[in-house]
Amino acid sequence: MNAIQTIQLTKKYKDLTAVERLDLEIQKGDLFSLLGVNGAGKTTTIKMLTCLTKPSDGDAIILGNSITKETAQVKKIIGVSPQETAVAPNLTVRENLELMCGVYGFPNEKKRAKVSELSEQFELTQILHKKAGKLSGGWQRRLSIAMALIGEPKILFLDEPTLGLDVIARSELWDTIRSLKGKITIILTTHYMEEAEELSDRIGIMKAGRLLAIGTAEELKEKAGTDKFEDAFVKIVKEEVK
Amino acid sequence: MRLLTFSGRTAKEILRDPLNLGFGLGFPLVLLILLSAIQANIPVSLFEIESLTPGITVFGLSFMTLFSATLIAKDRESALLQRLYTTPLTATDFIFGYVLPVLPIGMMQSVICYLAAMILGLPITITILYAIFFILPVALLFIAVGLLCGSVFNTKQVGGICGALFTNLAAWLSGIWFDLNLVGGVFKKIAYALPFVHAVELERAVFDGIWTNVFPHLFWVLGYGVAISGTAVMLFLRQMKRQ
Ligand SMILES: Nc1ncnc2c1ncn2[C@@H]1O[C@H](COP(=O)(O)OP(=O)(O)OP(=O)(O)O)[C@@H](O)[C@H]1O
Ligand SMILES: [Mg+2]
């Protein structure tokens with residue numbers, strides 16, 4: 001069953017087409033990576049799928065709900081970790097997590113359980129009382145990702161989640177992502193090829209708003225005729241692959 | 001519940017900024033003390049505490065405009081608001097969540113001003129309570145200006161427009177510091193076409209307990225309040241869609 005299906009999804013900014021007639025199908029429970037060079041349209045695609053921007057044309061269906069017509073339904077089932085770290089700087093780590101609990105209308109008991117669950121998972125327990133704005137970039141990033149998981153999303157969007165994380169934190173986040181695999185559908189963007197290859201069930205490669213290739217890492221390597229995934233990516237993006 | 005959560009966050013963001021507290025509370029208090037000291041040393045009545053205090057409570061609200069505009073503009077530039085736009089929070093939650101928590105903050109400011117004025121010799125009367133109550137519609141007007149500016153301008157622009165331009169406009173055209181009749185002419189006409197002097201005269205009338213003098217000033221304040229709130233809501237929704 002499809003978790004996400006985009007139908008000719010298009011976003012135009014004045015004379016620039018950021019995303020052009022995107023047709024994408026993502027299986028329920030899959031981890032799907034969206035790759036592409038800077039400005040390829042990854043973030044714009046995620047913004048449309050998460051109801052942040054309205055598509056100029058086309059539509060997408062998320063677990064049976066249209067992103068253009070049933071935004072309220074869609075917002076209940078998604079979780080988003082934006083490309084830029086999104087935390088309230090003057091609130092403590094705990095308050096940030098509680099803010100998200102409140103946003104989803106959790107009663108006090110569930111709130112407490114969720115906060116302790118996620119602060120343990122992301123090792124935030126020691127810094128719960130610290131102001132988010134005072135944390136280092138990487139720790140703000142962790143908090144930002146934890147906040148995306150509070151609402152128990154069925155579909156999770158991670159826009160460059162490991163950006164700015166140290167090696168340890170990155171590998172821990174990979175573990176976290178792996179532990180979510182199969183339970184929820186994850187859409188991830190990244191510039192780290194090994195990350196995409198390591199985590200993804202399927203990978204889509206975008207350039208200038210269009211989808212150039214889609215498949216498993218193996219399929220893409222085969223298609224490009226390379227041994228390394230990174231080489232395959234480069235070949236596909238340079239459109240040397242027919 | 002959702003609204004309560006977001007309101008709580010607004011209040012925390014405003015109250016935890018030491019600069020906000022310093023200006024929002026400190027500045028009106030300093031003015032009150034300074035002008036009372038001047039009054040004590042001059043023979044003519046220029047800054048009688050009975051007419052000065054209601055004026056200062058109105059002037060102090062221009063900081064509420066600055067606070068809410070700054071918060072909203074900052075939020076719009078941060079990814080936090082983008083994140084919240086992808087959650088079940090509705091436009092109504094956002095608008096009320098930005099406006100409602102600032103109302104009690106504005107009221108607290110008035111309460112503190114009146115307390116300080118009492119120490120400086122303001123006679124204690126029941127009308128002080130009424131005056132604090134009637135600060136509500138005035139505060140709503142000032143906060144709506146904040147919502148409007150925060151929805152349109154960026155943080156830097158808000159600093160200039162709400163921080164400098166608007167506070168000065170509200171001060172000069174309010175009749176708090178000098179009698180507008182002394183200036184007269186076009187200046188007075190402009191002042192009376194804007195809500196600030198009406199807000200001050202409304203507060204003075206309530207404080208004096210002369211209810212007939214409340215009108216038409218209350219209508220001016222409410223009229224402007226409704227018009228600006230309406231515009232602000234429209235502009236907020238527009239920027240929300242424009243993401
Ligand atoms: N609000 C906007 N107004 C105008 N153009 C925009 C806007 N947002 C994005 N764009 C343009 O759309 C194109 C796609 O941008 P997008 O952010 O989706 O790229 P991306 O694939 O996420 O890149 P990166 O890897 O750098 O994050 C870019 O050319 C960008 O300049
Ligand atoms: Mg991006």
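Computed from a prediction, not measured in an experiment: that's the story for all the values here. Here is how names work: the chains are called A, B, and so on, in the same order as the sequence lines, proteins then strands, and each is numbered from 1.
- Between A:Glu84 and B:Gln82 the shortest side-chain heavy-atom distance does not fall below 4.5 Å.
- Proximity to chain B (any heavy atom under 4.5 Å) is restricted, for A:Phe106, to the backbone atoms N, CA, C and O.
- Residue B:Trp177 places its CH2 atom among more than 12 non-hydrogen atoms of other residues, nucleotides or ligands, all under 6.0 Å distant.
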Problem - Stepwise side-chain contact (heavy atoms from CB on, under 4.5 Å) check, B:Thr86 with A:Lys47 - result: CA-CA 9 Å; B:Thr86 67; A:Lys47 280 189 175 172; over 6 Å; no

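- Both the backbone and the side chain of A:Pro89 come within contact range of chain B, each with at least one heavy atom under 4.5 Å from a heavy atom of that chain.
- When heavy atoms are compared at a cutoff of 4.5 Å, A:Ala88 approaches chain B by way of both its backbone and its side chain.
- Taken from OG1 in B:Thr5 to CG in A:Leu99, the straight-line distance is 7.0 Å, to the nearest 0.5 Å.
- Here the shortest heavy-atom pairing between A:Asn90 and B:Glu13 reads ND2-OE1, 3.0 Å.
- We find the CE-CZ distance between A:Met147 and B:Arg83 to be 4.5 Å, quoted to the nearest 0.5 Å.
- Heavy atoms of other residues, nucleotides or ligands lying less than 6.0 angstrom from NZ of B:Lys74 number 12 at most.
- Annotation: maximal heavy-atom pairing with chain B below 4.5 Å, among A:Gly102, A:Cys101, A:Pro153, occurs at A:Gly102.
- With a threshold of 4.5 angstrom between heavy atoms, A:Ser144 approaches chain B through its backbone and through its side chain.
- Counting heavy atoms of neighbouring residues, nucleotides and ligands inside a 6.0 Å radius, atom CZ of A:Arg94 does not exceed 12 of them.
- If you measure heavy-atom distances from A:Glu95 to chain B, the contacts under 4.5 Å come from the side chain alone.
- The backbone N or O of A:Tyr104 sits nowhere less than 3.5 Å from a side-chain atom of B:Arg2 that would complete a donor-acceptor pair.
- Between B:Thr87 atom OG1 and A:Ile150 atom CD1 the span is 12.0 Å, to the nearest 0.5 Å.
- Note on B:Arg9 versus A:Glu98: no salt bridge recorded, every NZ/NE/NH1/NH2 to OD/OE distance being 4.0 Å or above.
- Within residues 133-151 of chain B, no residue has any heavy atom closer than 4.5 Å to a heavy atom of chain A.
- The two residues A:Met100 and B:Leu84 come nearest to each other via the heavy atoms SD-CD2, 4.1 Å.
- More than 12 heavy atoms of other residues, nucleotides or ligands shown are found within 6.0 angstrom of NZ on A:Lys181.
- Among residues 88-102 of chain B, the residues having any heavy atom closer than 4.5 Å to a heavy atom of chain A are, in sequence order, B:Pro88, B:Leu89.
- Side chain of A:Lys75 to backbone of B:Tyr85: a donor-acceptor contact under 3.5 angstrom is found.
- For B:Lys12, the NZ atom counts as densely surrounded, since its 6.0 Å shell holds more than 12 non-hydrogen atoms of other residues, nucleotides or ligands.
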